[in-house]
Visitor: 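The structure's right below; bear with me while I get my questions together.
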Amino acid sequence: MRRALRALGPADLITAANAAIGFVAVALAPVDPAIAARLILLAGIADALDGIVARRWGGSEVGEFLDSLADVASFGVAPAAMVIATLGGTLQTGVGIALGAIFVGAAVLRLALYTAYDTDQAYTHGVQTTLAATILAAGLLSGVPTVALLSGLGVFALLMLGEMTYPDLRVRDAFVMGTIQTAAILVPTTVHSLFPRGLLAWALAYLLLGPWFYRGAEGKRS
């Protein structure tokens with residue numbers, strides 16, 4: 001315990017909370033997928049917050065490794081469990097488990113590549129795990145059909161390991177996204193799911209247009 005306290009910084013504690021939130025999302029997904037979706041979005045806020053804290057007060061040597069480990073739980077396993085929990089029927093559930101396993105495996109590989117090669121860059125190769133998870137969670141809260149969420153597991157498994165280059169978010173844009181994300185967590189059903197739908201539209205715009213039209217970065221997303 002003492003060794004951990006000496007080695008870890010404030011940002012690392014937030015990262016550990018991110019992983020814990022991811023576990024709770026997985027545990028609650030079979031009971032209420034919508035709650036799991038909101039927890040995944042909350043983990044996304046924690047993931048952004050740990051970067052802000054690390055830049056303000058400095059990070060630790062284990063920070064970048066801890067971040068990727070936490071993201072496996074929150075943005076790999078949790079979204080897969082959330083989508084599988086929405087499925088009905090043996091065949092559909094079986095397909096969901098298979099695609100979920102592929103999605104988690106791709107997320108692990110993508111995070112390992114990120115930690116090895118992209119941590120110090122102002123961009124990253126392949127779709128970020130946080131972005132994939134955000135789209136899936138916002139999609140569920142927005143009422144996107146289950147078949148689309150199921151297909152999303154397979155599509156994002158490919159995109160996370162793709163060659164497309166995504167610039168990191170500017171602080172200003174990350175703040176705007178975080179504000180919408182917070183509203184989607186707190187009041188997901190207000191005005192016909194306005195905030196989850198707004199978050200989904202924002203995330204899809206970055207997914208489709210970011211590699212070509214978005215430039216300049218001040219923060220990192222894995």
Side-chain angles (χ1 to χ4, degrees), residues 1-29 36-82 100-137 156-157 159-161 165-171 174-175 177-178 181-182 185 203 217-222:
M1 185 67 172
R2 292 180 181 177
R3 180 187 180 189
L5 292 176
R6 288 195 301 267
L8 301 178
D12 300 322
L13 299 179
I14 298 174
T15 303
N18 169 14
I21 293 169
F23 165 75
V24 177
V26 173
L28 293 182
R38 294 164 72 182
L39 287 169
I40 290 168
L41 296 182
L42 179 61
I45 292 177
D47 184 56
L49 183 60
D50 67 12
I52 294 172
V53 172
R55 288 191 294 275
R56 177 62 179 83
W57 287 284
S60 69
E61 294 182 0
V62 301
E64 63 187 53
F65 304 101
L66 183 63
D67 188 61
S68 290
L69 289 171
D71 288 356
V72 169
S74 297
F75 312 126
V77 179
M82 177 196 73
I102 294 172
F103 178 87
V104 172
V108 170
L109 291 173
R110 189 258 184 273
L111 288 163
L113 292 168
Y114 171 83
T115 302
Y117 299 113
D118 294 345
T119 302
D120 297 325
Q121 305 296 326
Y123 57 86
T124 185
H125 292 87
V127 169
Q128 301 95 322
T129 55
T130 47
L131 180 60
T134 295
I135 291 173
L136 291 171
F156 281 121
L159 294 179
M160 284 190 290
L161 299 178
T165 299
Y166 282 85
D168 298 327
L169 290 177
R170 302 184 186 97
V171 170
F175 177 78
M177 179 181 178
Q181 196 155 322
T182 300
I185 295 167
E218 300 168 299
K220 297 202 76 63
R221 299 294 295 261
S222 58

Visitor: Is there a side-chain contact (heavy atoms from CB on, under 4.5 Å) between H125 and R110? Walk through the geometry before answering.
Guide: CA-CA 9 Å; H125 292 87; R110 189 258 184 273; over 6 Å; no
Visitor: For the atom pair CD (Q128) and CG (L169), what is the distance rounded to the nearest 0.5 Å?
Guide: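 Separation between the atoms: 7.0 Å.
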Visitor: Judged by atom type as modelled, is there a donor-acceptor pair below 3.5 Å linking the side chain of T124 to the main-chain atoms of D118?
Guide: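 It does not hold such a pair.
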Visitor: For V26 and V77, work out which heavy atoms get closest and say how close.
Guide: CG2-CG1, 3.7 Å
Visitor: Is any side-chain heavy atom of N18 closer than 4.5 Å to one of F75?
Guide: yes
Visitor: Of L42, I45, I40, which is the lone residue that meets side chain to side chain contact (heavy atoms under 4.5 Å, CB included) with I21?
Guide: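 When side chain to side chain contact (heavy atoms under 4.5 Å, CB included) is applied between I21 and each of L42, I45, I40, only L42 qualifies.
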Visitor: Can you name the closest pair of heavy atoms from S68 and T115 and give their distance?
Guide: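 Looks like OG-OG1, 2.5 Å.
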Visitor: Yes or no on side-chain contact (heavy atoms from CB on, under 4.5 Å) for Y114 and T129, after CA distance, side-chain angles and deciding distance?
Guide: CA-CA 10 Å; Y114 171 83; T129 55; over 6 Å; no
Visitor: Looking only at heavy atoms, which two atoms of A132 and M160 are closest? And how far apart?
Guide: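 Answer, listing the atom of A132 first, then M160: CB-SD, 4.4 Å.
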Visitor: Tell me the closest heavy-atom pair linking Y166 and G126, and the distance in Å.
Guide: CD1-O, 3.6 Å
Visitor: Where is the tightest heavy-atom contact between S74 and P79, given as atom of each residue plus distance?
Guide: O-CD, 3.4 Å
Visitor: With rounding to the nearest 0.5 Å, note down the distance linking OG1 in T15 to CG in D50.
Guide: 3.5 Å
Visitor: Would you give the length of the straight line joining atom CD1 of I14 to atom CG of D67, rounded to the nearest 0.5 angstrom?
Guide: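 Reported to 0.5 Å precision, the distance equals 11.0 Å.
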Visitor: Looking at every heavy atom in both L161 and A106, which two are closest together, and how far apart are they?
Guide: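 Heavy-atom minimum between the residues: CD2-O, 3.7 Å.
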